There are 2 protein chains.
Amino acid sequence: MDCIFCKIVNKELPADIVYENENVLAFKDIHPKAAVHILVVPKIHIESINSENSENIVGDLILAAKNIIKRDNITGYKLLFNIGREGGQMVDHLHMHLLAGNPS
Amino acid sequence: MDCIFCKIVNKELPADIVYENENVLAFKDIHPKAAVHILVVPKIHIESINSENSENIVGDLILAAKNIIKRDNITGYKLLFNIGREGGQMVDHLHMHLLAGNPS
């Protein structure tokens, strides 16, 4: 498997990890678009929201984001999925952007 | 209940409805930010992603979006939640933006 996010999940590549539980890993985006820009990913490899049954794991991603924003006292934020190249998806491992604060 | 999206769900206010199932209603945003700009909302009133157990209904919204994009042959798209006033949430009934095509 040559997936960069799988390698981050497996700790084979470095990342600035901000949250982890049994099913989910969250780490800082290396090209932040806002003061807070975190990627929340399932540990299992799923290509995108378009993949079959993706809707069954999105709840885990949302819950992880809610835990992060409570822990970090973030009051307003955005959760964003880009799907497909035309939708702006750059890595084919499902990921949710958590964005807060001013654009950077 | 003085919630504009509840009124749309209850057909007390008009909207350009594009999809409906038992749990979810989807309709065109009246101020579109892209060629396709649809709001996907749960029929029950939940204030936001920050509300307790919101993660349990997000799967229904995602599945509805997937049904819409398959039906309408949309290849690339974005799914966005704005949470809290600082996050850009304007209506306090949980809603997911489905965006595709060029910004408008």
Side-chain angles (χ1 to χ4, degrees), chain A residues 19 21 23-24 26 33-38 40 42 46-92 94-103, chain B residues 19 21 23-24 26 33-38 40 42 46-92 94-103:
Chain A
Y19 181 88
N21 67 27
N23 302 316
V24 173
K33 302 287 193 300
V36 174
H37 189 171
I38 293 165
V40 185
I46 296 174
E47 190 168 309
S48 87
I49 288 288
N50 283 341
S51 303
E52 199 172 356
N53 298 322
S54 67
E55 61 275 10
N56 295 335
I57 59 142
V58 169
D60 286 342
L61 305 182
I62 299 282
L63 190 56
K66 290 168 75 169
N67 288 336
I68 293 167
I69 66 104
K70 273 182 213 160
R71 182 194 66 191
D72 295 351
N73 294 311
I74 295 168
T75 49
Y77 59 107
K78 296 175 186 292
L79 298 176
L80 170 68
F81 297 93
N82 297 325
I83 301 108
R85 288 290 173 274
E86 290 174 68
Q89 184 172 0
M90 307 294 283
V91 175
D92 289 334
L94 196 158
H95 53 288
M96 182 177 75
H97 298 262
L98 190 173
L99 299 146
N102 294 324
Chain B
Y19 181 87
N21 67 26
N23 302 315
V24 173
K33 302 286 193 301
V36 174
H37 189 170
I38 293 165
V40 185
I46 296 176
E47 189 169 309
S48 88
I49 287 288
N50 282 342
S51 303
E52 201 172 355
N53 298 322
S54 66
E55 62 275 10
N56 296 336
I57 60 143
V58 168
D60 285 343
L61 305 183
I62 299 281
L63 191 54
K66 289 168 76 169
N67 288 336
I68 292 167
I69 67 105
K70 274 183 213 159
R71 182 194 67 192
D72 295 351
N73 294 311
I74 295 169
T75 50
Y77 59 106
K78 295 174 187 291
L79 299 176
L80 171 68
F81 297 93
N82 297 325
I83 301 108
R85 288 291 173 273
E86 289 174 69
Q89 183 172 358
M90 306 295 283
V91 175
D92 290 333
L94 196 159
H95 53 288
M96 182 177 75
H97 298 262
L98 191 172
L99 298 146
N102 294 326

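The structure displayed is predicted, hence computed values, not measured ones. Note on naming: letters A, B, ... go to the chains in the order of the sequence lines (proteins, then strands), and numbering restarts at 1 for each one.
- To the nearest 0.5 angstrom, A:Asp60 atom CG is 9.0 Å from B:Glu55 atom CD.
- The number of heavy-atom neighbours closer than 6.0 Å to CG of B:Asn53, taken from other residues, nucleotides and ligands shown, is above 12.
- Proximity of a side-chain donor or acceptor of A:Lys66 to a complementary backbone N or O of B:Glu52 within less than 3.5 Å is not detected.
- For the pair B:Lys78 (side chain) and A:Gly87 (backbone), a donor-acceptor distance under 3.5 Å is present.
- Put simply, CG on B:Leu79 and CD1 on A:Ile49 are 6.0 Å apart, with the number rounded to the nearest 0.5 Å.
- In this structure, the separation between NE2 on A:His97 and CG on B:Leu80 is 11.0 Å, given to the nearest 0.5 Å.
- The CD1 atom of A:Ile62 lies 7.0 Å from the CD1 atom of B:Ile62; values are rounded to the nearest 0.5 Å.
- In this structure, CG on B:Asn50 lies 4.5 Å from CD1 on A:Ile69, to the nearest 0.5 angstrom.
- Neither the backbone nor the side chain of B:Ser48 comes within contact range of chain A; no heavy atoms are under 4.5 Å apart.
- For chain B, the nearby parts of A:Asn82 are the backbone and the side chain; heavy atoms of each come within less than 4.5 Å.
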